[in-house]
Amino acid sequence: MIYLLTLLSGVLTGLAMPGNLFSFLIWGSLIFFLKNLDNSKRTLDRFLHTFIFAFSMLFTTLWWQLPVLSKNIPDILGSYSSFMGVLGFIGEILLLSLPYLLIWLLTEIFNRKFRETSFWNKVLFYSFAYTSAEILKDFGDLAFSGGSLGYAIWDHVGLIQLASIFGYLGLTFLIVFVNSFLAFDKSKYWFYKLPIVLSVLFILNFSIERFIPIENIEKDPLKITAVQTNESQEIKYNVNSWKSYVDFSDKLRQAEKTNSDLVIFSESTFMEDITKNEVYDAFKINVKDIGKDVILGFPKSEAGEYYNTAWYFDEQANLVDSYNKIGLTPFAEFLPYEFIFDNFASFKLLRFYERGSEPGVFDVNGDKLGVQICFETYFSEISNSQVKNGAEALISITNDGWFGTKTGLTQHFTQGIFRAVENRRDFVQVSNTGFTGHVDKYGRVVKAIAPFQEEITTFEINKNDGKTIYFHIKEILKLLILIAALIFAIL
């Protein structure tokens, strides 16, 4: 029975994540897991509770990847079977669960037989231990911060302002702290405190939100025209560059009529390097005709190697800059730890890419934009490095056409909310199927195009060159959290 309660904790936590059920579930969803973990007397029991929670939480959070891997990709590319896609999804969840075993390891130290712990010792220990596991998720070739607790409160506009000081990890700490406070209360009627705690959090969130300044558009904002093509993956992956170009040219002509300085298309606007074929000549003529700068994505082919690249052309169709993606997606864009996963090369989407070396910051007529590609928005250090290199706003181009559900699109788009607050930078995502939208530096969605529709719209972007506290303390903060977890476990 107690394992079922831990499973329930994992499922409820996953349901609190963006695009699933209800974010306020996160403020009590970990209670059963934490109580069971702390009350267990055997090492095996503590291990099983940790694993069951992590696996069920990640499965419930990332369920939308199952149809992507088992149906969407096999149907279009045919590189592996649907059954292999199911196994691939289960394998992915298993791998993503591994960092959470740090909670178990620390708990083994914390729960020594001779150890007597107070209420506040437990609350602080589990808060630091869980946050340490999320830090571990950011390391190595399998790094992926999806499913981190802090992301669940993306719609708590007041509370997420803490991310400008402590990042999304600080929000995770707060969530575990609240859950631990409720879980380890030994009073008979502890569950009566849950509505009280929720009320306090609601009032606190509302109060902070009331003090957030109303964002005024600058006298000279950067005007960006975003193009959401809603082109299906079946068409994108099964036509040549000329056929793709016909649709691109039509959208470019429509964008010409907008009052903007820059037109942005999604990642994988073309599936091959058009600078190496005759499409490039037609492309340059079109860009000159509309007289606007253009940013778009297509692969770069160089000396037999490929890069997932964002390209920036000025109004005269001169290539001004390009950025090769740094944060490649494991298995889809590169093969991690080949000596272990050599047999999983079939999961690549089209080809494997080489990793870029420099953060993407484009100087667009004096305005510096940090440009990211697809799942790079899940890595806070990429936005951080772009701000360090002078980025005054953040842009992401992505190909989310594989995701047939609003949940996957929501979870991806809401990453921009946290990158915006952590750096106090306006954030724009341009996706082929959605969400395409603009988030201000306080994490508020200013304007967005609904998913799965074709639309062209213009965003007015404020620039900012200030630095947040989080920008300055990001690395030391992680170190302090890890040290604190060890101190509470050992001393």
Side-chain angles (χ1 to χ4, degrees), residues 164 213 215-228 252 255-267 269 287-288 290-297 309-326 356 358-373 376-377 380 382-398 415-417 419-431 436-449 456-468 471:
S164 66
E215 186 81 324
N216 294 315
I217 297 298
E218 296 176 347
K219 292 181 180 179
D220 185 28
L222 176 62
K223 296 179 181 179
I224 294 175
T225 293
V227 180
Q228 183 170 295
L252 198 61
E256 180 183 10
K257 303 172 185 177
T258 61
N259 178 25
S260 67
D261 312 297
L262 173 67
V263 180
I264 303 181
F265 286 80
S266 69
E267 173 196 19
T269 302
V287 173
K288 287 181 182 178
I290 71 163
K292 297 179 186 290
D293 294 3
V294 175
I295 291 176
L296 74 164
T309 304
W311 305 77
Y312 167 42
F313 297 88
D314 67 15
E315 60 186 8
Q316 295 300 314
N318 298 310
L319 175 57
V320 179
D321 207 347
S322 64
Y323 162 63
N324 300 324
K325 186 178 181 183
I326 295 174
E358 296 294 330
V361 179
F362 293 167
D363 189 327
V364 180
N365 302 316
D367 297 322
K368 292 190 175 182
L369 304 180
V371 178
Q372 302 171 31
I373 301 174
E376 286 189 312
T377 54
S380 60
I382 291 179
S383 298
N384 199 248
S385 63
Q386 291 176 337
V387 169
K388 184 178 180 180
N389 285 7
E392 300 166 296
L394 300 173
I395 307 292
S396 173
I397 60 173
T398 181
Q415 291 299 305
I417 291 174
R419 305 297 85 85
V421 177
E422 288 168 351
N423 298 283
R424 290 300 186 213
R425 296 292 190 273
D426 278 26
F427 173 91
V428 170
Q429 176 173 289
V430 180
S431 172
T436 295
H438 170 208
V439 178
D440 74 9
K441 64 183 180 181
Y442 297 106
R444 298 174 296 198
V445 179
V446 179
K447 187 179 182 181
I449 302 174
I456 297 173
T457 193
T458 300
F459 304 127
E460 294 188 332
I461 307 303
N462 287 331
K463 288 93 67 177
N464 183 26
D465 59 3
K467 304 292 193 301
T468 62
F471 173 87

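Quick note: residue numbers are just sequence positions, from 1.
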So which atom in [X] and which in [Y] form the shortest heavy-atom distance, rounded to 0.1 Å?
X    : Y    : result
N462 : P221 : OD1-CB, 4.4 Å
Y442 : R424 : CD2-NH1, 3.4 Å
F427 : A420 : CB-CB, 4.1 Å
G370 : A391 : N-CB, 3.5 Å

A side-chain contact here means heavy atoms from C-beta on lying under 4.5 Å apart; do [X] and [Y] qualify?
X    : Y    : answer
D367 : L262 : no
V387 : T468 : no
D261 : L222 : yes
K223 : N259 : yes
T436 : F459 : yes
V445 : I417 : yes

- Message: Under the side chain to side chain contact (heavy atoms under 4.5 Å, CB included) test against V294, which residue among L252, T225, I264 passes?
- Response: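 Of the listed residues L252, T225, I264, the side chain to side chain contact (heavy atoms under 4.5 Å, CB included) partner of V294 is L252.
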How far does [atom1] of [X] sit from [atom2] of [Y], to the nearest 0.5 angstrom?
X    : Y    : atom1 : atom2 : answer
I295 : D293 : CD1   : CG    : 8.0 Å
E267 : Q372 : CD    : CD    : 12.0 Å
T377 : L394 : OG1   : CG    : 10.5 Å
S266 : I373 : OG    : CD1   : 11.0 Å
T458 : I456 : OG1   : CD1   : 9.0 Å

Would you confirm whether [X], through its side chain, and [Y], through its main-chain N or O, come within 3.5 Å as a donor-acceptor pair?
X    : Y    : value
R425 : G466 : yes
N384 : S380 : no
E376 : I326 : yes
N324 : T309 : no
Q386 : V371 : yes
T398 : S431 : no
K292 : T258 : yes
E392 : K368 : yes
D426 : D440 : no

- Query: Could you walk me through whether I461 and V428 pass the side-chain contact (heavy atoms from CB on, under 4.5 Å) check?
  - Reply: CA-CA 8 Å; I461 307 303; V428 170; 3.3 Å; yes
- Aromatic rings F362 and Y312: how do their planes relate, parallel, tilted or perpendicular, breaks at 30° and 60°?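 Taking Y312 first and then F362, their aromatic rings lie parallel (interplane angle under 30°).
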Contacts table for residues 313-321: side-chain donor-acceptor under 3.5 angstrom, sequence neighbours left out:
unit_1: D314; atom_1: OD1; unit_2: Q316; atom_2: N; d: 2.9
unit_1: D314; atom_1: OD1; unit_2: A317; atom_2: N; d: 3.1
unit_1: D314; atom_1: OD1; unit_2: N318; atom_2: N; d: 2.9
unit_1: D314; atom_1: OD2; unit_2: N318; atom_2: ND2; d: 3.3

